[in-house]
Amino acid sequence: MAQLYKKWNWKHDLWPHFTYDDEALRGLELQFSQNTGTVLGILKHVKESEKEDFLVDILSNEALKTSEIEGEYLDRDSVQSSIKQNLGLITDKRKIPPAEYGISEMMVDFTFTLINHLRIRNFLNGIECLLMADVI
């Protein structure tokens, strides 16, 4: 099974028409769900400043991994400083190289675009439920 993780899904011969084994993924899905619940529970007891640091860490790790996939190796401190800057947090005011600034801006924009999309979608789903129930 470890061999499956060495190749990106879009590099498989059958992409985008590939198959997978639901049963093989079930345990991983359960583990992911349990871990998500654990993280959400922990976050309820974390100070706001620590939540901000956590978000910066997650976004910077994703930015660095994304860039690494493309063969580009970025400076972690510059990426984190740029993410903080894009989030409106206190930074060390360093000069950020263009690559680090660009990926940081993209990660923050993507995150908040996704959050806003989900909020709008939930709102519209709620209205649809009310309409179906003849409440409106």
Side-chain angles (χ1 to χ4, degrees):
M1 182 138 180
Q3 198 64 4
L4 294 175
Y5 297 112
K6 293 188 177 188
K7 198 172 191 182
W8 295 102
N9 57 357
W10 61 86
K11 291 188 175 184
H12 284 272
D13 295 336
L14 297 177
W15 173 262
H17 307 288
F18 63 92
T19 60
Y20 58 93
D21 180 1
D22 287 341
E23 199 58 42
L25 294 176
R26 192 153 293 138
L28 293 171
E29 289 174 341
L30 178 61
Q31 183 182 6
F32 177 81
S33 178
Q34 290 170 336
N35 290 344
T36 301
T38 300
V39 169
L40 290 175
I42 290 169
L43 284 176
K44 289 184 178 187
H45 303 286
V46 173
K47 293 183 226 168
E48 197 61 37
S49 63
E50 291 172 343
K51 287 180 186 178
E52 292 168 354
D53 290 341
F54 184 64
L55 177 60
V56 170
D57 283 343
I58 290 172
L59 292 178
S60 62
N61 286 339
E62 191 60 34
L64 292 166
K65 288 178 186 175
T66 298
S67 297
E68 191 176 316
I69 289 168
E70 299 298 325
E72 190 169 6
Y73 297 91
L74 304 178
D75 179 67
R76 175 179 290 280
D77 291 336
S78 292
V79 169
Q80 288 186 337
S81 181
S82 183
I83 287 172
K84 287 179 181 179
Q85 189 177 27
N86 279 294
L87 290 171
L89 303 175
I90 297 170
T91 66
D92 54 11
K93 304 290 184 194
R94 72 175 58 214
K95 182 162 173 59
I96 307 294
E100 282 82 349
Y101 181 80
I103 191 73
S104 300
E105 187 176 42
M106 182 186 79
M107 294 305 299
V108 171
D109 181 61
F110 173 77
T111 300
F112 286 101
T113 299
L114 179 62
I115 288 169
N116 287 333
H117 174 75
L118 292 174
R119 285 182 183 152
I120 291 168
R121 201 163 149 193
N122 286 342
F123 175 73
L124 294 175
N125 286 343
I127 290 175
E128 184 178 346
C129 289
L130 291 173
L131 289 172
M132 290 174 64
D134 271 340
V135 176
I136 296 180

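Hydrogens, waters and symmetry mates are skipped; everything else that's a heavy atom, side chains included, is used.
Taking the side-chain hydrogen bond (donor to acceptor under 3.5 Å, both in side chains) definition, one finds that Q85 meets it with nothing, sequence neighbours left out. In terms of the side-chain hydrogen bond (donor to acceptor under 3.5 Å, both in side chains) criterion, D77 has no residue partners (sequence neighbours excluded). Contacts of D92 classified as salt bridge (Lys or Arg N to Asp or Glu O under 4.0 Å), with partners at least two apart in sequence or in another chain: R94. Under the rule for a side chain to side chain contact (heavy atoms under 4.5 Å, CB included), the partners of L74 that lie at least two apart in sequence or sit in another chain are L64, S67, E72, V79, A99, E100, I103. Listed by chain and residue number, L87, V108, I115 satisfy the side chain to side chain contact (heavy atoms under 4.5 Å, CB included) test with F112 (two or more places apart in sequence, or in another chain). For E23, the salt bridge (Lys or Arg N to Asp or Glu O under 4.0 Å) partners at least two apart in sequence or on another chain are R26. D53 pairs by the side-chain hydrogen bond (donor to acceptor under 3.5 Å, both in side chains) definition with nothing, not counting sequence neighbours. Remark: S78 engages D75 in a side-chain hydrogen bond (donor to acceptor under 3.5 Å, both in side chains) (not counting sequence neighbours).
Side chains of N61 and R76 form a contact here, defined as non-hydrogen atoms less than 4.5 Å apart.
Cluster partners of Y101, by chain and number: I96. The rule joins Ile, Leu, Val, Met, Phe, Trp and Tyr whenever side-chain heavy atoms lie under 4.5 Å apart.
Residues in residues 30-50 take part in no side-chain hydrogen bond (donor to acceptor under 3.5 Å, both in side chains) pair, two or more places apart or across chains. The stretch residues 101-111 participates, sequence neighbours left out, in no salt bridge (Lys or Arg N to Asp or Glu O under 4.0 Å) pair at all.
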